[in-house]
**Q** 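Let me give you the structure first, and then I'll get to my questions.
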Amino acid sequence: MRTQMRTINILLLLLFLSSQTVNSWKREEFRNCNQATFCKRARSRKPGECSLIAHDVGISDGELTAKLLPKDIPDQSHEEDQEPHQIKPLILTLSVYQDGILRLKIDEDPSLDPPKKRFEVPDVIIPEFDAKKLWLQRVSTEIIDGDVGSSSIIYLSDGYEAVVRHDPFEVYVREKGRNVRVVSLNSHSLFDFEQLRTKKEGEDWEERFKSNTDTRPYGPQSISFDVSFYDADFVSGIPEHATSLALKPTRGPGVEESEPYRLFNLDVFEYLHESPFGLYGSIPFMIAHGKSGKSSGFFWLNAAEMQIDVLGSGWDAESGISLPSSQNRIDTLWMSEAGIVDTFFFVGSGPKDVVKQYTVVTGRPSMPQLFSTAYHQCRWNYRDEEDVEHVDSKFDEHDIPYDVLWLDIEHTDGKRYFTWDKVLFPHPDEMQRKLAAKGRHMVAIVDPHIKRDESFPLHKEATQKGYYVKDASGKDFDGWCWPGSSSYLDMLSPEIRSWWGDKFSYENYVGSTPSLYIWNDMNEPSVFNGPEITMPRDALHNGAVEHRELHNAYGYYFHMATADGLLKREDGMDRPFVLSRAFFAGSQRYGAVWTGDNTADWDHLRVSVPMVLTLGLTGISFAGADVGGFFGNPEPELLVRWYQLGAYYPFFRAHAHQDTKRREPWLFGERNTELIREAVHVRYILLPYFYTLFREANTTGAPVARPLWMEFPSDEATFSIDEAFMVGSSLLVQGVFTERAKHASVYLPGKESWYDMKTGTAYKGGKVYKLELSEESVPAFQKAGTIIPRKDRFRRSSTQMVHDPYTLVIALNSSLAAEGELYVDDGKSFEYEKGGYIHRRFVFSNGKLTSLNLASVSSRKSKFSSECIVERIILLGYTSGPKNALVEPSNQKVEIELGPLWPQGGRGAAVMTIRKPGVRISDDWTIKIL
Amino acid sequence: MSTFGVRIVKIFVVKTEIPTSIDRSPASLPKDPYPYIGIRPEDEKYYKAADTIKCKDGSNNFSKFQLNDDFCDCADGTDEPGTSACPGGKFYCRNAGHVPVLLFSSRVNDGICDCCDGSDEYDGKVKCSNTCWEAGKVARGKLKKKISTHLEGVALWKQEVEQAKVAIAKDEAELSKLKNEEKILKGLVQQLKERKEQIEKAEERERLQKEKEDKKKQEAEESVNQEKSVVEEAKQEAGDTEEKADSEGKAMENTLHDEIGVVEDSPVDQENDVTENTKGLSREELGRLVASRWTGGDTEKQNGKIDGGKDNDHEDHDETSKDADDEEEDGYASETDEDTGKYDDSSVEDEIDEAYEDEYHDDSSSSSYKPVSDDESDFSDTTTPSGPSWLEKIQQTVRNILQAVNLFQPPLDKSDADRVRKEYDLSSTKLSKLQSRISSLTQKLKHDFGPEEEFYSFYDRCFEIKQNKYVYKVCPFKEASQVEGHSTTRLGRWDKFEDSYQVMVFSDGDRCWNGPDRSLKVRLRCGLKNEIMDVDERSRCEYSVLMSTPALCLEEKLKGDGR
């Protein structure tokens, strides 16, 4: 009896000990590389194993084509005991596009009747890209030093050419006429392409993980290859991982056993802040950068599970393969479970050029509505209409601006999206109208899982039309999510997407009004009872496409369908706003993305910066992390620091789990309320600057939040920095990531000085400063030589700021000059595409500020006008004390006096201020200091 | 901000300016606004005194031309009361016909009509009509009603205080009376006890005596052989009992085995490997299990349960029962209830295992509040009007008994002995009831019932409100709970008054998954009835109740700002 009791006690003790970890991320729940045959196979291959040779290299239809065949074709007559091996060549196509983009495709030969057409991801490359194709006329052949065979060379762009080495097969980009490489593929002969074949007798293709079995009806079909970046000191990109901006090696000397960076969209409960495991979204685009100041990029358009190794230098020491050693190089190994090789090489040469080239392929970020660039207030959940009204009125009571109030899943009638809980939200339209009367907007959640409820018309219709993803047996896939038993719409199909989009019309979405926008969550897709909390890989989509082939793009198509729905709702007159958790290459065209369910701790605050920066580098400029941290209760200090940093995220939203304590800004005592109000005001003051940057992203792809090295590409000291970042090219922000921090180390790069944004204190560039921290803000500096447009009046929301006057802050450089831009449009429609906008360049030099028009005057079908004036011009770094300035062409004298740099006094000395110049931002004018 | 020392004015100000003539036309829209717009009447002097005006915070000076010139010269907004130029500014609307209001100057010309006289929107972008008279009328009506309510409430409050005084006096009187009675009764019980023991001793003596006599008789009558067989029979009987005990022990072991099985099967697996253990689960169960990570459903609670179960720490172990409650709430009760049942059984059977024992205790303690009231009602029969005589009756009876029963004259009168025993049982039961009543009264009187004891009547009352599927029950000085069907979740135990008796705090309620202990605050406000007006769970597991009560209708309030 005694021993019995003891056994029980021990068992209970064990339970207690292990339950400590119950709530955190469960590593073993997710497949690692060794548990996936394709990854294990690819990772165990040795350099030089690929024996493919390029045959029949030639030009056809303006592209270079070749056939890839193994070097030693086995003599079939000697292998009687083995099944005859049909040798099928792979087809290689190389095409060239404007702006320095090389596209390499490798696929099976469709004329040889493969068992199935391999999946190519549709609707990611924008239609305009095709028009950028250059029609190749000729290919030249040369024998490159040290090679046995010959290589084919084609023109890529001014200064660059693409090379196909025949034996062993290799593709690379080099500087014209020089053996200086940029990016190469298969330089280590790791290329591997498992062609589809018929199943041999007794062969088991099934793959088991935990309690799930993947039937793998088409068998192995993986692809892997090595990619090398030259003159590179580090690589970055391939989100989404909660890890550093510069990706650490995952293999090689000195690297402990590590997983590759995984790209597989997953709903990960309480993710860790330092991990190569895959999160909610995937973008197989990598950017490499080096101290030469040059960058290059590589993008693989493939939506199957991908694993990417960053190989530490010396990893190939024993391979015997020697690549040009004069160039610093980073090697990477790319592995995918299915699909084809459809890859893009970007030559740069600067970091912004690479992002620009990448967004030529996948599209520029869409132009957001002005309101969506302001502050968003979210919580799971604002309970009912009364709660909404209460929160809304509290913001006004505390004079804290906000633009959008969000409703999470509980607002629906039993998690049936497009419906409202009749008890909690009996008057949704009235509620939205009340907010709209204050210029505020609302966002409601719409997830992709549809409740399997016969009385739910959406489900009924989707079932009847056969619009759901099917399981391996062909029945509607039935998974578990918030509503319980659910099915998932097949968003791969344009027809289904269009049908979905119609559901957002005001007639269909009862209770929606024009001020309601949408939030797409759980679109990885999250399936609570699926393998790895997602959809089984053998689930079937439209056209017999297996889920494994498009998994990473499922959320992207859903995001696309929703954004298109909002577009249709207003006949294409209103810019959609849709926030999505899952993403893929191209998601930047459809809206904002956030970093998912983070945690209220300092580490998650820290990792939010590299995560947001990485998204920006890979096209998704409009990104942010949940301010405050989704899980857990932040200490007031953490919350305040998060607001102070979050105010600089391109997407600025506070959010919290339903089990956390309420954390609206006024709930932590008067001082903290004041600090949060100030943090939010920073964002509102800088809205004109942010909006201008969003337009820059929209036209060039350059992200709003940028790594320091994007602005200072040759400064090696910036390469490892991911706790500070640039907002545009004028502002540097340093986060504070520790409790009760008294000091922060800040590196201010470049030769020019930096001005503390709040105090105006000047710091010389190119140095590390140990700065005393204030509780009132995180350090932020304006770069000398820049002009930042602000709006200094505090309003309830951005809507009321439309007519407010501007402040221009001119930070003079050593030659007393500065430049900046201002972009303004109506903030909501597409008129800007027809020229309906104001775009000014402000140039200060020789004691004179000039406002120049940047908008193209010609092809303007639409015009946007604004009565807004400049009420104040602040000059930082101007030493003499002039008293007046002359405004031209009005020939008016205005006063110069000393004033505060920051509204409400600020902490620094008074600065030179031109008082009420009264010039309109839409006009040409000059202001001369007298 | 601080120099103005004025916050946004609350709606109710008793003195209201009522104009003689009312401007019902839309607010006029001066292109060049009146230079003193937005200034409080009492401040106009300050602005008109000189051509150079000081910022109130002393930070700067400005000329009268810079007053309301739409450019901020004072960090504190002194120079721009009538425009939005200064972030810290305050705009005064006169609101003739209603109550004057101070706005954040960020509301000036923002396209939204904030002042009922429309004076905050003068740039011509919107037209605000003057609604002050109507608004004022409504407000005055409300205020009147509020005042009359309050007046009536004050009367009720006075009654309440009077009644409280009476009730306290009554309770205190009862307490002291009970204490007296307790003393007497204790004495009686003691006497009875002694007498009972004497009787028992006497009985024992008599019994032994009898046995002895019987034995002698037997010895005389029976042979040795017969004796032998009797001994053997006795042995046989002893053996039987042993065997029985043995098999019972085995049965118990079996149950334990089963339980180990239960414990092993679900939660252990779950810790180590969720998906592994999901093998046994249906697809739906798996879905629920994973969903519960975000929402705190079934499974996490089971973990919590096990945690609590093996831990002797009382707090942890409280969680356990709370979690069980949650389950009921979520409608997944059946499974876990079964588990709990098993644990309970074993704890009853086997007191060695502390974990199980705790579980058992917990269940009983969760309803600890109830027995007290049972006790009271039980006791009520003894305190009914006929009561005063009950003690005398007992005293009389005891006297009679003690006199009647003569111990020193064997043989004992059987009925006499029984009478003593019965009377002892009766009066010791009475005594314990009396004592528990004393302790509950003492407990009650220890509480803080407010400055005038106006909350005294709350002690024995509970207030309820039904909202959607829940009934919220607030029992001041005791506890607050949320009832759904048969399941009850404790939202908090009585903690204290807060905010000068305007708020009742219940804390330390059942634990929320991944969240805080539940807690509830009752905001009290003056009303004619004791009644819960509203309940809200703004923050997860933090409940807020609005309750009206005359106990808050204080006379001073009427004289004050009328809040």
Side-chain angles (χ1 to χ4, degrees), chain A residues 1 4-5 7-9 11-16 18-19 21-23 26 28-29 210-212 269-270 383 386-387 390 397 399 423 437-439 478-482 484-485 527-529 533 657-662 681 792-796 799-800 803-804 871-872 900 903-905 915-916, chain B residues 8 59 70-72 75 84-85 87-88 104 106-107 110-112 125 249 253 256 259-260 263-264 267-268 270-276 278-279 283-284 286-291 293-296 300 303 306-307 309-311 352-353 355 468 512-516 536-542:
Chain A
M1 211 57 140
Q4 291 291 343
M5 280 355 291
T7 319
I8 290 179
N9 282 334
L11 269 172
L12 290 170
L13 184 73
L14 279 173
L15 279 175
F16 175 71
S18 50
S19 67
T21 56
V22 145
N23 286 341
K26 294 175 178 66
E28 67 288 338
E29 203 163 278
K210 303 282 159 192
S211 55
N212 287 285
F269 178 73
E270 295 193 345
R383 253 186 0 103
E386 197 192 335
D387 198 6
H390 174 79
E397 189 183 320
D399 203 21
V423 177
K438 290 185 186 173
D478 179 349
W480 197 270
C481 209
W482 296 130
S485 181
V527 180
F528 290 154
N529 56 354
I533 327 290
H657 187 280
Q658 64 170 344
D659 289 335
T660 61
K661 288 176 154 254
R662 289 294 278 245
H681 275 160
D792 289 356
R793 302 196 176 189
F794 297 170
R795 300 293 197 177
R796 269 176 269 232
T799 312
Q800 290 91 38
H803 305 295
D804 282 348
E871 65 168 334
R872 178 188 297 111
Q904 273 189 332
R915 193 178 196 279
K916 294 180 82 174
Chain B
I8 301 299
S59 63
D70 206 23
F71 186 87
C72 188
S84 60
F104 292 115
S106 64
R107 315 286 199 252
D110 69 347
I112 299 164
K125 292 208 173 65
E253 264 176 51
L256 281 171
E259 268 151 24
I260 293 166
V263 173
E264 269 174 357
V268 172
Q270 206 173 73
E271 316 304 347
N272 295 342
D273 182 342
V274 167
T275 336
E276 205 54 40
T278 56
K279 270 180 186 157
R283 285 177 53 73
E284 176 173 336
L286 176 61
R288 282 188 195 282
L289 187 146
V290 173
R293 291 180 188 158
W294 282 267
T295 59
E300 297 295 340
N303 287 333
I306 305 296
D307 280 354
K310 88 274 107 194
D311 201 321
I352 305 166
D353 191 320
N468 305 336
C512 270
W513 176 82
N514 214 6
D536 197 0
E537 185 189 358
R538 282 267 160 71
S539 196
R540 178 111 161 137
C541 305
E542 287 175 15

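Please read all numbers here as calculations on a predicted model, not as lab measurements. Protein chains get the first letters and strands the later ones, always in sequence-line order, with residue 1 at the start of each.
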**Q** Take Ile533(A) and Glu29(A) through the side chain to side chain contact (heavy atoms under 4.5 Å, CB included) test and state the conclusion after the steps.
**A** CA-CA 9 Å; Ile533(A) 327 290; Glu29(A) 203 163 278; 3.3 Å; yes
**Q** One thing to verify: whether Lys661(A) and Glu542(B) come together as a salt bridge, which I'm taking to mean a side-chain N less than 4.0 angstrom from a carboxylate O.
**A**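 The answer is yes: the pair qualifies as a salt bridge.
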**Q** Using heavy-atom distances under 4.5 Å, tell me whether Arg795(A) contacts chain B through its side chain, its backbone, both, or neither.
**A**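 Both parts, backbone and side chain.
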**Q** Which residues pass the salt bridge (charged side-chain N to carboxylate O under 4.0 Å, His left out) test with Arg107(B), not counting sequence neighbours?
**A**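 Expected list: Asp399(A).
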**Q** Looking at every heavy atom in both Trp482(A) and Thr295(B), which two are closest together, and how far apart are they?
**A**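 Residues Trp482(A) and Thr295(B), closest heavy atoms: CZ3-CG2, 3.5 Å.
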**Q** At a 4.5 Å cut-off on heavy atoms, which part of His390(A) comes close to chain B: side chain, backbone, both, or neither?
**A**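 Looking at His390(A), just its side chain touches chain B.
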**Q** Go through Glu871(A), Glu386(A), Arg915(A) and name the one with the most non-hydrogen pairs under 4.5 angstrom from chain B.
**A**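 Most heavy-atom pairs within the cutoff with chain B belong to Arg915(A).
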